[in-house]
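Step one of this worksheet: look at the structure below.
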There are 2 protein chains.
Amino acid sequence: MSQPKEITIYDIARELNISATTVSRGLKGHPTINKNTRKKIAEKAKELGYTPNTFAGSLRSKRTNTIGVIVPRLNSYFMSSALAGMEHVANKNGYNLIISQSLEDSKKEIENAHTMFNRRVDGLIVSLAFNTENIAHLLPFSTRNIPVMFFDRVYNSEQFTGVVIDNFAAGYDVTRHLIKQGCKRIVHLAGNTLRNVYHDRLEGYSQALKDHGVPFDPHLVITSNLSEEAGVETAQQILQMPQLPDGIFSANDNCLVYCMLELKKAGIRIPEDIAVAGFNNDRVCQIIEPNLTSIDYPGYAIGETTATHLINHLLGHTNIHNTNTIVLRTELVVRASSLKRKE
Amino acid sequence: MSQPKEITIYDIARELNISATTVSRGLKGHPTINKNTRKKIAEKAKELGYTPNTFAGSLRSKRTNTIGVIVPRLNSYFMSSALAGMEHVANKNGYNLIISQSLEDSKKEIENAHTMFNRRVDGLIVSLAFNTENIAHLLPFSTRNIPVMFFDRVYNSEQFTGVVIDNFAAGYDVTRHLIKQGCKRIVHLAGNTLRNVYHDRLEGYSQALKDHGVPFDPHLVITSNLSEEAGVETAQQILQMPQLPDGIFSANDNCLVYCMLELKKAGIRIPEDIAVAGFNNDRVCQIIEPNLTSIDYPGYAIGETTATHLINHLLGHTNIHNTNTIVLRTELVVRASSLKRKE
DNA sequence: CCGAAAATTGCAACCGATTGCAATTATTTT
DNA sequence: AAAATAATTGCAATCGGTTGCAATTTTCGG
């Protein structure tokens, strides 16, 4: 099982009777190396089957061309889209992604952050776990001048840049839309309000109610982890309310879909009895019946934007420290699930 | 912008008046180091805020604790589930994942393989692009004794291990099920038959027809890239057939769902006019109406299995070279979309 | 043809940990 | 208490590129 010997720049140098320095520079296309020499080096490298050893280089140069990504979980429609967007941008620019999941657990998020740090990622992209309360684990990155960017689940801090949508406005829009459809008792399925996204959506909801003279009833705000199971449970809770609501605004589609199915099973008509609207514009929106009104939340674009900004910063084209927040445009996509009246 | 100096094992060594060797071993929990010394080292390391530099270590030890993953795209339900499974196993074992997408393009897959090689991944996991015809780009890994494992889209080779399901059997089961429901003209939505998964499903379909005396009609096999758009187009093709089919077996759910929506729009009743069944047991199966019969294709488990085997091999617990293929169990999940007769 | 400027190339230290082997120290055994 | 064995620790080379600065070669004007 002996490993075949690794071909190094020294091998190339020896065969060409030049120094390793020249080979190193030649391979990098360094301008001070003679064109002709460069060609010879390239040829010999190919001939010998040379492959650069990234570690050796990174050790010295302190650049790894690696971006760490920590997400709550990578198998949701939104997340995998965002990751796909990041990977695309990164790959195009010669960067690679090391991806890890916190599984919504702050402790694991901290561990992962350590790993990323040890791996000397050039930059870090994070979407926070459900229960992360502070970002002490990210401070070593700042100390080291390693840029950290949040996306989606951001942390309110002067120190880091985040890519988000205007969750308040989106929550407001959805709620207003439901009110305009005649809803008076609107349930809000909320997530952990520790996270900006859920907090802001709830605020938007409250404000819209207020602005339109609809009383805010805390009993109508159901907080959960917004999972599929939570959707089912929520439906049961709703069905047991002394007075049924006439609208639901959910902070995510996934949960709402399962809630809808359960409500339908119980004979509730949507949107006639209850108008519903979600958040994310998940693929299922166009598949469930009735089609689901939702906020279009461009995962791929968010991923691209985040990665682009981070890489531009790394390349020195821009400085993200000047930017606190990047807000992407969203859009309310109205579909049958919320249309009580013909518009 | 000067970087704060990096803390190394030498700093710890100096402060403790011992050698760097001892520090290195101490941190790794090497048994020959005195327990007491070990404790002192650990304390000092924490005190100074030491973080190991993975590169330096990897350079010397030639182990990176990194697994490369190349997938066609990472934003599909199946893929992101598989990746989630892999990440979970890898993380548990101290490995990290470098993930890249080929975007179904063989050329990009080759580039990505190079990158992975240069990064000296300890092992590689691949699911092939639609149009990859050979695996020359993976041979350097074999030469170097770097284990490569396929999953899902595997390459038929003695050389590498793959984790798959029995696509033939699954295709056979679905088709037989449709036949038993009384279908006589069953359309098959096929993918690129260069890929085992689609090839085998088609074979299973053919064989089932044959075994049950249903004639095979090549016009009923519609090959596409199985995208959402393809689903819509396929529906239009079907609607223009001189004689409508009475069943559809699609090689994936995603495409079929869009096809169904289009057919329903045209007034086709499912399953009465056309019974349909898909493949993957995607989340949408339980959401679309009627609920979709499908083959449960356990993405998360496939990811876990693949990563587990690879890591066990890396740790020397098992040797994947003894294993050619690992076949996971699948199951036909029957739902309303295919039930022409009460069972 | 000479000397200065420009273009190339090389020296040698360095990045930070790992490791085979030898050396030192502690513990037992006789 | 000396000898033998076991437990710890350290030396010094090594992994494979990168980089500041000096050295060498080439080019060219006069």
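So that the names make sense, note that chain A is the first sequence line, chain B the second, and so on, each numbered from 1. From a predicted model like this one, the values you see are computed outputs, not experimental measurements.
- Residues Phe160(A) and Tyr155(A) keep their aromatic ring centres 6.0 Å or farther apart.
- When the P atom of dA17(C) is taken as reference, atom NE2 of His30(B) falls 16 Å away, rounded to whole Å.
- No N or O donor and acceptor, one from the side chain of Arg60(B) and one from the base of dG20(C), sit under 3.5 Å apart.
- Among the protein residues, Phe55(B) comes within range of no part of the nucleic acid, since none of its heavy atoms lies under 4.0 Å from any strand.
- Regarding contacts with the backbone of dC15(D), every side-chain N or O of Lys62(B) stays at 4.0 angstrom or more from both OP1 and OP2.
- Side-chain atoms of Tyr10(B) stay outside donor-acceptor range of the base of dG16(C), with no qualifying N/O pair under 3.5 Å.
- Other residues, nucleotides and ligands contribute more than 12 heavy atoms inside 6.0 Å of the CG atom of Asn34(A).
- Contact annotation: Thr22(B) reaches the phosphate of dG10(D) (side-chain N/O to OP1 or OP2, under 4.0 Å).
- Computed from coordinates, the Leu59(A) CG to dT18(C) C1' distance equals 12 Å when rounded to whole Å.
- In this structure, Ile9(B) atom CD1 and dG10(D) atom C1' are separated by 12 Å, rounded to whole Å.
- Atom CG in Leu27(B) sits roughly 15 Å away from atom C1' in dT9(D) (whole-Å rounding).
- Counting to the nearest Å, the P atom of dT14(D) and the CD atom of Glu6(A) are 16 Å from each other.
- Backbone-only contact: Thr37(A) has heavy atoms under 4.0 Å from sugar-phosphate atoms and none from a base.
- The side-chain heavy atoms of Val197(B) and Val164(B), taken from C-beta on, include no pair separated by under 4.5 Å.
- Side-chain contact check for Ile125(A) versus Ile70(A): every heavy-atom pair is 4.5 Å or farther apart.
- Looking at Thr21(B), its side chain comes within 3.5 Å of the base of dA12(D) through a donor and an acceptor atom.
- Atom CG in Asn53(B) sits about 17 Å away from atom P in dG16(D), given to the nearest Å.
- Each of Thr51(B) and Ile33(A) was assigned the nucleotide of DNA chain C with the nearest heavy atom; the assignment lying further toward the 5' end belongs to Ile33(A).
- Regarding contacts with the backbone of dT18(C), a side-chain N or O of Ser24(B) is found under 4.0 angstrom from either OP1 or OP2.
- To the nearest angstrom, P of dG17(D) lies 14 Å from CD1 of Ile18(A).
- The residue Thr8(A) sits close only to the backbone: its heavy atoms come under 4.0 Å of sugar-phosphate atoms, none of a base.
- Around the CG atom of Asn156(A), the shell of radius 6.0 Å holds no more than 12 heavy atoms that belong to other residues, nucleotides or ligands.
- Summarising the geometry, the separation between CZ on Arg120(A) and P on dC15(C) is reported as 13 Å, rounded to the nearest angstrom.
- Nearer the 5' end of DNA chain D, as judged by each residue's closest nucleotide, is the contact made by Lys35(B), out of Lys35(B) and Arg25(A).
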